[in-house]
Number of protein chains: 2
Amino acid sequence: MGEKGTQTRVRMLGAAQGLIESGGYHGAGLNQVLAASGAPRGSLYFHFPSGKDQLVAEALERAGQEISALVRDLADAGPDTAAVVGSLLDVLADRLETSGWSKGCPVATVALEVSASNETLRQVCAEVYRSWESALEGRLAADGHPAPQDTATAILALVEGALLLARVQRSREPFARVARAVAALL
Amino acid sequence: MGEKGTQTRVRMLGAAQGLIESGGYHGAGLNQVLAASGAPRGSLYFHFPSGKDQLVAEALERAGQEISALVRDLADAGPDTAAVVGSLLDVLADRLETSGWSKGCPVATVALEVSASNETLRQVCAEVYRSWESALEGRLAADGHPAPQDTATAILALVEGALLLARVQRSREPFARVARAVAALL
DNA sequence: AAAAATATGTAGACCGATCTATTGAGAAAA
DNA sequence: TTTTCTCAATAGATCGGTCTACATATTTTT
């Protein structure tokens, strides 16, 4: 794989990631991905021989790793779990608002869209959530928290719920309320 | 509106509701709605002159009212909020599992799909969530709970998060964990 | 070092399928 | 008879995917 090839590939993945995040699987039409990345149609099937599903799967994995890295960074920096989750909510709320309420959870939309119709992509999404959950659980266990597994799942559910509600209502309010609830929970 | 007309209309709404719930906006193709309801193409545009968006909007409102009624019934029956939320989670988990992991939140998928591209439907979804939230808040306030607003939003976020995670992972486990977290929260 | 051969990408025309929407004739109900 | 509603044919756009020709590197051969 030459230099130019990788560049095009990365551009296409980035374009797909952005479109998926704001409009899900069906919101990321191949024509739009191509237009956004400036690549012609043939290049897509050169770099992603299995077509759209392969492109979407790789874009989801990339997005998943980005959030994982974010959680890891915050987890290393924060004094305790409560502070970590607090700043995670802040970062996500900022990201959502500054994007014009279009960038919420990068996998939730696809997860719900395809969970009943595309087993491969469903598993990709499940794996992403699993990795986030275990990152949270690790930090909770390190803090000596009782029931780290239950709490990690609950925090993930709260964050996903907040992302959904805030996006639909176009308001940071759900984040603020959830943050206070998390403080009470931990 | 005659008897036969209403029947067709209701059948179409029901078909749309089911398809939307398992595959979202794009999962509910008009051909599928028509096939599932046994109605011809022309009838759809007779009963829903504004086309697909009107059909989807009414289906979402119907689904919203069904869940509102469920929450209201449970809220009237349960001894306290913790018990109410517990049985709500049970009912939703049963519904999800028995449907083959296809019936989660009836509005979440559409909400995420269209929140950046269809202002009308976005507002319909926002209104549905608002009504559920206020139903929860009412029960919390009646129980004399401190910060009923924060807690209602947090519970709704938890429930939505659990529906998402359980559906993607095809497991009741997220419900069980969230239920224990809710018990700790209340 | 020059030339030939091979691998790596680019480029867009084109295909069948599917999508939502429109139309108008005619059956059923009031 | 007039309104209500059904029914299928059809339109036009867009979808994901395939195909072949072409350009640009990289390697091999002479």
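Distance from the side chain of P40(B) is smallest for dC7(D) among the nucleotides dC5(D), dG12(C), dC7(D).
Protein atom CZ of F46(B) is 17 Å distant from nucleotide atom C1' of dA21(C), rounded to whole Å. When rounded to the nearest whole Å, the span between CE of M12(A) and C1' of dT10(C) equals 10 Å. Put simply, NE2 on H47(B) is 17 Å from C1' on dA21(C), counting in whole angstrom units. The interatomic distance linking L44(B) (CG) with dA8(D) (C1') rounds to 14 Å, in whole Å. As rounded to whole Å, 11 Å separates atom P of dC5(D) from atom CD of Q7(B). For L55(A) and dC15(D), the CG to P distance is 15 Å, given to the nearest whole Å.
For dC5(D), the OP1/OP2 oxygens have no side-chain nitrogen or oxygen of T8(B) closer than 4.0 Å.
Listed by chain and number, the residues in a side chain to side chain contact (heavy atoms under 4.5 Å, CB included) with S134(B) are R130(B) (sequence neighbours excluded). Under the ring-ring contact (aromatic ring centres under 6.0 Å, His included) criterion, Y129(A) pairs with W132(A), sequence neighbours left out. Partners of Y45(B) according to the side chain to side chain contact (heavy atoms under 4.5 Å, CB included) rule, which considers only residues two or more places apart in sequence or in another chain, are L30(B). Among residues two or more places apart in sequence or in another chain, the side chain to side chain contact (heavy atoms under 4.5 Å, CB included) test is passed with E66(A) by Q17(A), R62(A).
Sorted by first and then second residue, the salt bridge (Lys or Arg N to Asp or Glu O under 4.0 Å) pairs involving residues 138-158 of chain B (not counting sequence neighbours) are R180(A)-D150(B), R139(B)-D143(B).
No donor-acceptor pair under 3.5 Å is formed between the side chain of R122(B) and the backbone N or O of V114(B).
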Exercise. Scan nucleotides 16-22 of chain D nucleotide by nucleotide, 5' to 3', and note B when protein non-hydrogen atoms come under 4.0 Å of the base, S if they reach only the sugar-phosphate, - if neither.
Key: BBB----

